[in-house]
Amino acid sequence: MPPRLDPDRVRDAASRFPPDADGDPPPYGTAGFRAQAPILPPVLLRCGLLAAIKSLAAGKMCGVMVTASHNPEEDNGAKLIGPVGEMMSPEWEDYANRLVAAGSDDQLAAEAAAIWRQEGIDSIDEGRGGPVGGVVVGCDNRPSAGLLVEAALAGVACTGVPVVRAGLQTTPQLHFRVRARNLGQPWGEADYYDRLAMGLAKASRDLVGDAVPGRWAAVGTDGLLLDCANGVGAAKAEALIARLREAGCGWRFDVRNVGPRGLNDRVGADHVEKQRALPLGFETVAKGARCCSIDGDADRLVYFAPDGKRGLTLFDGNKIAALLALYIKDALKGMPGIAETFKVGVVQTAYANGASTNYLKTELGLQPVMTSTGVKHLHREAASFDVGVYFEANGHGTVLFSNDLIAKLRKIEYEDEAARDLLAMAEVMNQAVGDALSGMLMVECILRRKVWGLKEWEDMYTDLPSRQLKVMVADRAVIKTTDAETRCIAPDSLQQGIDAAVARRKSGRAFARPSGTENVVRIYAEAASQGEADSLAKDVARLVHKLAGGIGPVP
Ligand code: NG1
Ligand code: ZN
């Protein structure tokens, strides 16, 4: 039977997963829906339904990932995945909000039918790739996942679209798999590990087979300690490492914080990046050891080295982006005459440390593009380059290669080593979305190939001291911003206050923006000294608290 939207099924499903009387449904935020898990079943039902409609409109597989990423274990959420493994476009985010706002069973049936018509689904014929799409549903290891996956599946079932239960997945795995499936490539979970392992074998040239070569031991690059945030990434990292072993990779990995309890609780990439604190379980790790943290759904990656005093040296998304961009630039030097025809770009947000932006400009001759927070914005911008590197400071990012460039590189790969390096990089780096595990392999590969330890990486540039704070407010929507969220246009006089505070600090820069994932206003400040960065952040927090209806004490 061809898929069709059955209003009775929609009503029936909606009555099985009714809205929670005590909690308003969340809006579609920076990266999908996020909220306390108990209010989410009706939201997931709607996400499943929408993903099914999208898959019919595109004639391709789509996905729903049940996760709240780096947020607390009691939270959960949904990330919707479009047919090229991408995040949903703003138009489909609006649809998602419309469905979530439909409170009653009848309203939901009517809203879904309206979107169905708007997308012209009844008139889509086999000639457009066939009307049969499909939805793959995956989840992280939160205790609330089971019920929410069932809700998403019930939503898909309202349309008769085939469904694939992917079970436990990292977010980037699910994006990768949707993309691969629609490109006609192998798309099982094992295929994901295969691609990364094979890509790494090529990217690292002859290094994979070496366990601890002496020349790296000299710079301390003989092993990596991986903090998995007690999330779904732990089991997946172990599966990846097992696959690397099969491929002959002798690199040493020490996988820690493997769960199942304590998800994102003083562990993981968000903790390390925001608190600048060691994750639990790393208290006795030797000074200078190479460590990295991923977040709860394994789409963020940061590196760090314990400083021996319970603090750490952080290698955040900007440092990772700089390393990747340097590697690409070096590879291009090996392709004179051709490289000049490639457009290479780096995309950052306002959270990028000013020193990283300066490094990209002055040392690599790149002009970074700035976008609003949220990887969907960075990803879109990066896709406009032949090689587009994008990273948020928090460690979410990847490197995208255009189809055009891949085709050009393939033509010359047999005679050109640099072309082979770039092709291998395109295999290792997830082409659908930021991926902590693939990023980790690429960083390891680059450090080893350059015979660099963390010291050499650290010395690429020195971050300006910075500070991030959160201010609780009654309604974060009272803050309105412009210029890639770097300036406030409401409430009145807030921006003047920030400008005046910035002007009082050497090399000062600060901004405030409403979070898209939590009910807070985020403050960022940097300045020539840590003291000035801290006091600047505090000044801005005080202003926001006063002018935007702060709740509770000023942080
Ligand atoms: P919000 O809460 O909108 O700042 C946070 C991160 C984003 C992005 C999303 C999704 C910061 C400052 N913001 O968004 O970069 O990763 O979560 O996870 O880290
Ligand atoms: Zn995440």
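For ligands, and for the atoms within them, numbers begin at 1 and follow the listed sequence. Sequence positions, counted from 1, serve as the residue numbers for this chain.
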Worked check of side-chain contact (heavy atoms from CB on, under 4.5 Å) between Leu543 and Asp539: CA-CA 6 Å; Leu543 280 166; Asp539 281 1; 5.5 Å; no

side-chain hydrogen bond (donor to acceptor under 3.5 Å, both in side chains) evaluation trace for Gln348 with Ser356: CA-CA 10 Å; Gln348 300 187 314; Ser356 74; 3.1 Å; yes

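- Between His377 and ligand 1 there is no heavy-atom distance shorter than 4.0 Å.
- Angle OG(Ser69) to the Zn ion (ligand 2) to OD2(Asp295), rounded to 10°: 90°.
- A donor-acceptor distance shorter than 3.5 angstrom exists from the side chain of Arg256 to the backbone of Gly281, with no hydrogens or angles considered.
- Using a 4.0 Å cutoff on heavy atoms, Glu273 does not count as a contact of ligand 1.
- Looking at Ser515 against ligand 1, both its backbone and its side chain come within 4.0 Å, counting heavy atoms.
- When the heavy-atom distances from atom 17 (O) of ligand 1 to Arg300, Lys274, Arg34 are ranked, the shortest goes to Arg300.
- Within the cation-pi definition used here (under 6.0 Å to the ring centroid, within 45° of the axis), Arg177 does not qualify as a partner of Tyr192.
- When heavy-atom distances to ligand 1 are checked against a 4.0 Å cut-off, Tyr524 has no atom that comes that close, whether in backbone or side chain.
- Draw a line from the Zn ion (ligand 2) to OD1 of Asp297 and another to OD1 of Asp299, and the angle between them is 90° (to 10°).
- Between Tyr461 and Tyr359, the ring-plane angle classifies as tilted under the 30° and 60° cut-offs.
- Of all the listed residues (Arg476, Glu392, Lys376), Glu392 holds the heavy atom that lies closest to atom 8 (C) of ligand 1.
- Look at Arg290 and Glu444 and you find a salt bridge, because one of the NZ, NE, NH1 or NH2 atoms lies within 4.0 Å of a carboxylate O, short of that distance.
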